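Below is one structure; the comments refer to it alone.
A note on names: the letters A, B, ... follow the listed sequences, proteins ahead of strands, and every chain is numbered from 1. Worth knowing before you read on, the calculation uses all heavy atoms, side chains too, and leaves out hydrogens, waters and symmetry mates. Values in this document were obtained by computation on a predicted structure and should not be read as measured data.
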There are 2 protein chains.
Amino acid sequence: MTSEETTATVLTAETQAALDRAVSSTHRHEALFSDRAFHIKQSAVRDVFDISIRPGLISLAGGSPYLRSLPLAELGLSAQRIIAEHGLEALQYGAGQGMEELRIQACEVMAAEGITDADPADIVITTGSQSAQDVAAKVFCNPGDVVLCEDPTYVGALNAFEAYEVQMHALPVDSEGLVPEALEEAIASLRKQGKTIKMLYIIPSFNNPSGVTLAARRRPRIVEICARANILILEDNPYGMLRFDGNPLVPLRAGNPDDVLYLGSFSKIFAPGVRVGWALVPRHLHRRFYLACEAVVLCPSPLTQMLVSAYLRDYDWMQNIRDSRMLYASRCAAMLAALTEELPDGVSWTVPDGGFFVWLSLPEGVDTYPLLYEAIDAGVVFIPGAAFSPSDEPSNKLRLAFSAVSEEDIAEGVRRLAPVLRRAMDHAAG
Amino acid sequence: MTSEETTATVLTAETQAALDRAVSSTHRHEALFSDRAFHIKQSAVRDVFDISIRPGLISLAGGSPYLRSLPLAELGLSAQRIIAEHGLEALQYGAGQGMEELRIQACEVMAAEGITDADPADIVITTGSQSAQDVAAKVFCNPGDVVLCEDPTYVGALNAFEAYEVQMHALPVDSEGLVPEALEEAIASLRKQGKTIKMLYIIPSFNNPSGVTLAARRRPRIVEICARANILILEDNPYGMLRFDGNPLVPLRAGNPDDVLYLGSFSKIFAPGVRVGWALVPRHLHRRFYLACEAVVLCPSPLTQMLVSAYLRDYDWMQNIRDSRMLYASRCAAMLAALTEELPDGVSWTVPDGGFFVWLSLPEGVDTYPLLYEAIDAGVVFIPGAAFSPSDEPSNKLRLAFSAVSEEDIAEGVRRLAPVLRRAMDHAAG
């Protein structure tokens, strides 16, 4: 069970509210909660996952990276040296902005993706990318402000923004990613309604959960639309380096230092357990962003920053990424083959060029949430689509992750899932 | 330079606002900031500290713990084993609530302080205590809500709460800590003004910055007043174990599981660089608090949690605390002796029973902020008192930290400080 999994939200707002009232309405402290507290969603899937840890279950739910290829013995020695030789720095408070060496290395990582002009001074190291999303919501969004996002989008971002009473507005996506015309129309329509739009939150490469990538030719267009409308782009790019074939697509940030706040993460190209990410912040926004980061954690952990630094300095991290890409590509292929082999007509899915996820669409009218329990009974876990949408409508989609599961288990997991979906479709059709 | 230092805030609100306008008003993105962004204070002391790193300077500013007594070589080996043998867990995503082993150990730490009924299920491991303060503000406070605190209080808490547009209301403290009658009066008066009071934020043992401790006999009274007024107590107790003599004072939380949200930290009894603290949350508030924690960081770092766990499991941490207490006691004595020896009549200071800090009061009319620059010229650094107060009034107080400086340097630092204070007092008197 990973946190990424457990933040998935599947209860409807009504059910949540009822639960909340039942739990705490008897206590006089109920009156002490902030308004925003009621917008912080219940991670209902967590309970499911407590069940789902049982032996023999195959989890296609969690977006965990594959870590077995990391040189753990050597990394252990790196950590040992960091503490034995630099313990007074590693174990002490550090700078709020993060360590300079790591900020310089983050620039090197970004350069490998096509952002060649990043200045380490414009970077803030964050406690994972999640913390950067939380801070972005905090610094930019008043209650009721609108943040545009893709439909579907990352559940952790929904949770982070909705905790600040932000209205997440999901935009249609096709096989080439966010549709520019839909973006323009939504901006015009929301403004006509008097809404204040602050940001576009976007995962342009291998979206979580959909696996869809924003086509290269659409990228400048999206940036231009947002710049013209004075909407900041929050580009979340944890998977960008994990393109199966060819070079990474150039991020939106690349030629647009003023219009894009870029979020990077070491969770998928190194290890999530260090909780280290970074934000490359437009210079005119940097100070407030940085101060807000300091107010939430004082400083990121020097110890884990130094371990990431050592990994980037002393290991062939690019080769490890190349190996990871091949591994994930094989697993993705195994999943696509199993889906083709096993799933009934009427189910469709995305074909990702990278990342961790495939997104399934069932026929209209099938709600994937109740299927989760049936799937667990059948020995497989997925994440229902409703978790990835700001609306609390039932969803006929679901997310499968291939990142952390062997090809054999992927095939077996899909084999177990197939009859569950078939029954639900038969039932809906009947 | 530590983050704890750099969050100190000394610019007045007016100066900050002017600076902010100058920096960003030329950019169209200025309109994108949230209202709360303008309440996130500039860490002006940071600039001072960039100057202050110069060799030969003695810093009595930073509240850094002394780490040289930690068994760094052995801890390095512990980290090595954690990664080599349990790397797939340590480097992966973990549970949002934190690891069970560490939550159990946190209960053992609290038991040593007098909280004997804590249940690991009621704990959330946080990314340092700062993150718990941020989450508490988020979950409980609407803009304009009042949080009561001691005068003076921890600058990081002020920053965390004010970032949510909370009105921090500082209450008078005498040599026995927060004055119960003043608390009652403030509650009545603020309510008469129509204010909503949500919490009392309090550091009852060895307050940062004042070093003052809330007397044992006042503790039940404070809890009772708050309970009757339906005000939650947020008890911040990072220094509780670091009482120079005798047993730790029993925390407010001890007999009051429903009325106190207790914050613990491994920063002062182990190491701040791991960024691991914990919140013991009243059961009826736990779920919302925990969900908010997940929304800000997904999960605390399993790697650093496991290192803290190993430290508590495999080392004689209680002996290390006993050693630390003796060390801090000696340093505190050295500072008090130097103050007595060097400082002019008219300066008074607190005499702490534990913790890291001594709080100096200069005569009325002396503003300690401009003295900081003179002190740096004289080769010593302190934190001006204004940083520790929600008001932006000039302050005649200042904080000296003895925790991370040798007795020799403490004496020399005070020697350098004395003429700066004397000149300022002469000037004010003349």
Side-chain angles (χ1 to χ4, degrees), chain A residues 2-4 6-7 24 27-29 32-35 37 40 43 64 67 72-73 75-77 79-80 83-84 87-88 90-93 96 127-128 130-131 134 139-142 156 159-160 163 198 230 232 271-275 284-285 288 291-292 294-299 301-304, chain B residues 2-4 6-7 24 27-29 32-35 37 40 43 64 67 72-73 75-77 79-80 83-84 87-88 90-93 96 127-128 130-131 134 139-142 156 159-160 163 198 230 232 271-275 284-285 288 291-292 294-299 301-304:
Chain A
T2 74
S3 284
E4 201 276 337
T6 58
T7 53
S24 57
H27 200 283
R28 61 189 159 77
H29 282 161
L32 297 183
F33 284 118
S34 65
D35 293 341
I40 302 175
S43 306
S64 302
L67 299 182
L72 293 179
L75 282 169
L77 290 171
Q80 183 256 315
I83 294 178
L88 297 180
L91 297 177
Q92 192 53 275
Y93 288 109
T127 305
Q130 186 72 26
S131 183
D134 168 67
V139 168
F140 295 110
C141 298
N142 291 321
N159 287 349
K198 289 292 178 70
N230 201 29
L232 182 67
V274 293
R275 308 310 299 127
H284 57 282
L285 305 173
R288 289 202 183 280
L291 291 177
E294 236 182 26
V296 299
V297 291
L298 285 186
C299 65
S301 163
L303 174 59
T304 62
Chain B
T2 74
S3 284
E4 199 278 337
T6 58
T7 53
S24 57
H27 200 284
R28 62 189 159 77
H29 282 160
L32 297 183
F33 284 119
S34 65
D35 293 341
I40 302 176
S43 306
S64 302
L67 299 182
L72 293 179
L75 281 170
L77 290 172
Q80 183 254 313
I83 293 178
L88 296 181
L91 297 176
Q92 192 53 274
Y93 289 110
T127 306
Q130 186 73 27
S131 182
D134 167 67
V139 168
F140 295 108
C141 298
N142 291 321
N159 287 350
K198 290 291 179 72
N230 201 30
L232 182 67
V274 293
R275 308 309 299 125
H284 57 284
L285 305 173
R288 288 203 182 281
L291 291 178
E294 236 182 27
V296 299
V297 291
L298 285 186
C299 65
S301 163
L303 173 60
T304 63

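- The nearest pair of heavy atoms linking B:A73 to A:A84 is CA-CB, 4.2 Å.
- When all heavy atoms are compared, the tightest approach of B:L285 to A:H29 is CD2-CB, 3.8 Å.
- Counting all heavy atoms, side chain and backbone alike, A:P302 lies closest to B:G273 at CD-O, 3.5 Å.
- Closest of all the heavy-atom pairs between B:L91 and A:A271 is O-CB, 3.4 Å.
- Side-chain N or O atoms of A:N142 include none that pairs as donor or acceptor with a backbone N or O of B:S34 at under 3.5 Å.
- Using a 4.5 Å cut-off between heavy atoms, B:A90 touches chain A through its backbone atoms (N, CA, C, O) alone.
- The NE2 atom of A:H284 sits 3.0 Å away from the NE2 atom of B:H27 when rounded to the nearest 0.5 Å.
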Q) Between A:T127 and B:R275, is a side-chain contact (heavy atoms from CB on, under 4.5 Å) present by the stated rule, with each step listed? A) CA-CA 10 Å; A:T127 305; B:R275 308 309 299 125; over 6 Å; no
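- Contact detail for A:L303 and B:T304: the closest heavy-atom pair is CD2-CG2, 4.3 Å.
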Q. Given A:L88 and B:L72, is the side-chain contact (heavy atoms from CB on, under 4.5 Å) satisfied, shown in steps?
A. CA-CA 8 Å; A:L88 297 180; B:L72 293 179; 4.1 Å; yes
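- The minimum heavy-atom distance linking B:V297 with A:S131 is given by the pair CG1-CB, 4.4 Å.
- Between chain A and the options B:C141, B:A160, B:A292, heavy-atom pairs under 4.5 Å are most frequent for B:C141.
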Q. Checking side-chain contact (heavy atoms from CB on, under 4.5 Å) for the pair B:N159/A:E294: CA distance, chi angles, key distance, verdict?
A. CA-CA 9 Å; B:N159 287 350; A:E294 236 182 26; 5.7 Å; no
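- With respect to chain A, the highest number of heavy-atom pairs below 4.5 Å among B:V274, B:V296, B:L77 belongs to B:V296.
- Side-chain atoms of B:Q130 come within 3.5 Å of backbone atoms of A:A295 as a donor-acceptor pair (strictly under, hydrogens ignored).
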